[in-house]
Amino acid sequence: MPSIALSLINVTKRYGATPILDGLSLGLFQGEKVGLIGKNGAGKSTLFRLLSGDESPDTGEVVVTQGQRIARLSQEPHFAPGATVQQALEAALADHAAFLARHQEIHADLHGSTPEAEARLHDELQTIEHHLDHWGWDLQPRLKAAASTWGLLDLDAEVESLSGGWRKRVALAQAWLKEPDVLVLDEPTNHLDPDQVERLEAWLQAFEGALLLITHDRHLLDAVATRMLELEDGALRSYEGGYSDYLLEKSDREFRESRLTEHMQNRLRREMAWLRRGAKARTRKSKLRIQEVLDLKDNVEDRTRLEARQGLAFATGGNRSDALIRAEGVCFAYPGGAELLEGIDLSLQRGMRIALLGPNGCGKSTFLKVLLGELEPTGGEVMRHPKLAITAISQGRGELDGTRSILDNLADRAALVDTGNGAVLAHVYLTRFGFPVDQQNRSASTLSGGERNRLLLAKAMLSPADLLVLDEPTNDLDIPTLQNLEEALLGFSGTLLLVSHDRFFLDQVATHTLAWNPAATPRWELYEGPPSTVRSLREARAAAQAPARAEPSRPAARSEAVKPRKPGLSQKEQRRLDEVERTLAELAERLAKLDRVLADPAAFLRPESPGHTALRTRETLLSESGDLELEWLELEGKRAET
């Protein structure tokens, strides 16, 4: 069994009266890759600061196994004032540089030392040389490798003058240089472009030490994590596998808990009926039963409140035109700058959900501004439907007035807001987005990034739109909010233009991808499919456009005309169609039996109850049924040709 690299033992941390972490224990094993998720404010960053030594627990202890090298990366890395990129990288190897300096000192001290001192110095020298043999005697090759790996070209630039994405690259290069045994990362993908996220993913997959990864990037969690931890109400719950495994196991647990809640509600109804009949607390047994009923009532109310989920939705405008925006030969360049947009053609149709995919600085936000009319193209033309209703959230979140309160930013002093399904009190509506009533008079300037984002989404959902334009809507959102946003966008029947670094989010929502290709002219290419399909679609498109190789000529006498395929099914295909139909019917019967098992509340009462196995079997059968249905559709299509 692998050894523990890092552990928290019964840790409690409070800010005020309420504990953020309450008796929390965690063991991180060598070679284990753990993803940590939780709502904003659940205590993830607090946990990171405890592991970094920036804060101490109120009770309990944080234990790092002796001899373990730890590298930590915070959400917003800090560097020495005035430090260049080169100096920042060298600082990551300060311990290594100290070994080199000490090695020279020992050789100098050996001359004229006493026998006792010489023996001690030789022992120390042996330890240092063992370390240097492993790490290398020259720092420069390692520094060059780090700069190359993370794309750091200008080593003389001051780190603090760089953008957030470049500073994050420098911090990742520092962690990479340390070759740690334990790696603790807090939101490492923030500000990184897709290519750098892929590089980070490859490094973490190959990393052989212990990893604790705090991130909202669900794609990264799926690709890297071997265990998931969910932080909620100051406690941790563990799930084996990556993010998708976590979703399956959590849905299974929530299903069982919903069955238990239903069972408790039924029992509560019976017990409340007993109380209403006039039960008297005359005996000790009656008093205990009445108290049990009251405790049960509190328990059911707590569980029901936790399971309640507000449905969020974007309101759709009344425009029924198929063509909303058409761009023809659009070009754009800022004065004195390089051309960001070059001859783009795009027809924006109703119902399309387009993700813009490309590295930082390629012009994604600029293209949105040109399409919306905020910037005039320097070439070409953009035509918009005259009755087009647009709702947009920019990356800078400039749509909020920092001098006004949260409530006034939403409703402009109106008491009611129209959600499309009727009028709702404005302060009640805001509670759906995580703004308690007693905090709604706070100035918008005091909001965190995630809070500003949630407030803008709340405003956007009140404005009926034919076109919804969201620039980095997932920044600073926790995973539950991301899931709600995904569901709302999937339910939106209008058109969507979307920019985000969250690959999992884009794959869930997008129907098309407008991808940047530096080797193409124009550099923006439209593909039908989410971003994860772009690479294969681009390769297929390139292969189709490549000139066909000339076939060697053959004598005419030996050439044969290709016979056209007869319409309909071959005998073999007909037999396969019959077999598929029989199998689908059998699967439908088995699924119906499993559904009857799952409908029984007793199916999940104990670990050995049949509901657990039935649920896993049902998932397998549904997957098998889906594959067969696709095959059946293909065969049926051929049969219909006759």
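All heavy atoms count here, side chains included; hydrogens, waters and symmetry mates do not. One is the number of the first residue; the rest follow in order along the sequence.
- Scored by the salt bridge (charged side-chain N to carboxylate O under 4.0 Å, His left out) test, Arg384 finds no partners at all (sequence neighbours excluded).
- Qualifying salt bridge (charged side-chain N to carboxylate O under 4.0 Å, His left out) partners for Arg454, counting only residues two or more places apart in sequence or in other chains: none.
- Salt-bridge formation is not detected for the pair Glu472/Lys364: no Lys NZ or Arg NE/NH1/NH2 atom is positioned less than 4.0 Å from an Asp or Glu carboxylate oxygen.
- Taking the charged nitrogens against the carboxylate oxygens, Lys44 and Glu230 have no contact shorter than 4.0 Å, which rules out a salt bridge.
- For Lys459, the NZ atom counts as densely surrounded, since its 6.0 Å shell holds more than 12 non-hydrogen atoms of other residues, nucleotides or ligands.
- Between the side chains of Ser347 and Gln349, a donor-acceptor pair is found at a separation under 3.5 Å.
- Taking CG from Leu497 and CG from Leu470, the interatomic distance works out to 9.0 Å, rounded to the nearest 0.5 Å.
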Practice prompt. Would you check, one step at a time, whether the test side chain to side chain contact (heavy atoms under 4.5 Å, CB included) holds for Ile393 with Leu457?
Written response: CA-CA 8 Å; Ile393 297 178; Leu457 289 171; 3.9 Å; yes
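- Using a 4.0 Å cut-off between a side-chain N of Lys or Arg and a carboxylate O of Asp or Glu, Arg326 and Asp345 do not qualify as a salt bridge.
- Listed here is the closest heavy atom pair of Thr474 and Ser500: OG1-OG, 3.0 Å.
- Here the side chain of Glu32 pairs a donor or acceptor atom with the backbone of Phe29 at under 3.5 angstrom.
- Around CZ of Arg227, the count of heavy atoms belonging to other residues, nucleotides or ligands within 6.0 Å exceeds 12.
- Salt-bridge formation is detected for the pair Glu342/Arg523: a Lys NZ or Arg NE/NH1/NH2 atom is positioned less than 4.0 Å from an Asp or Glu carboxylate oxygen.
- With sequence neighbours excluded, no residue satisfies salt bridge (charged side-chain N to carboxylate O under 4.0 Å, His left out) with Glu374.
- Within a 6.0 Å radius of CZ in Arg535, no more than 12 heavy atoms belonging to other residues, nucleotides or ligands are found.
- Arg582 has no carboxylate O lying under 4.0 Å from a charged side-chain N of Glu579, or vice versa, which leaves the two without a salt bridge.
- Looking only at atom types and distance, the side chain of Ser394 has no donor-acceptor partner in the side chain of Asp471 under 3.5 Å away.
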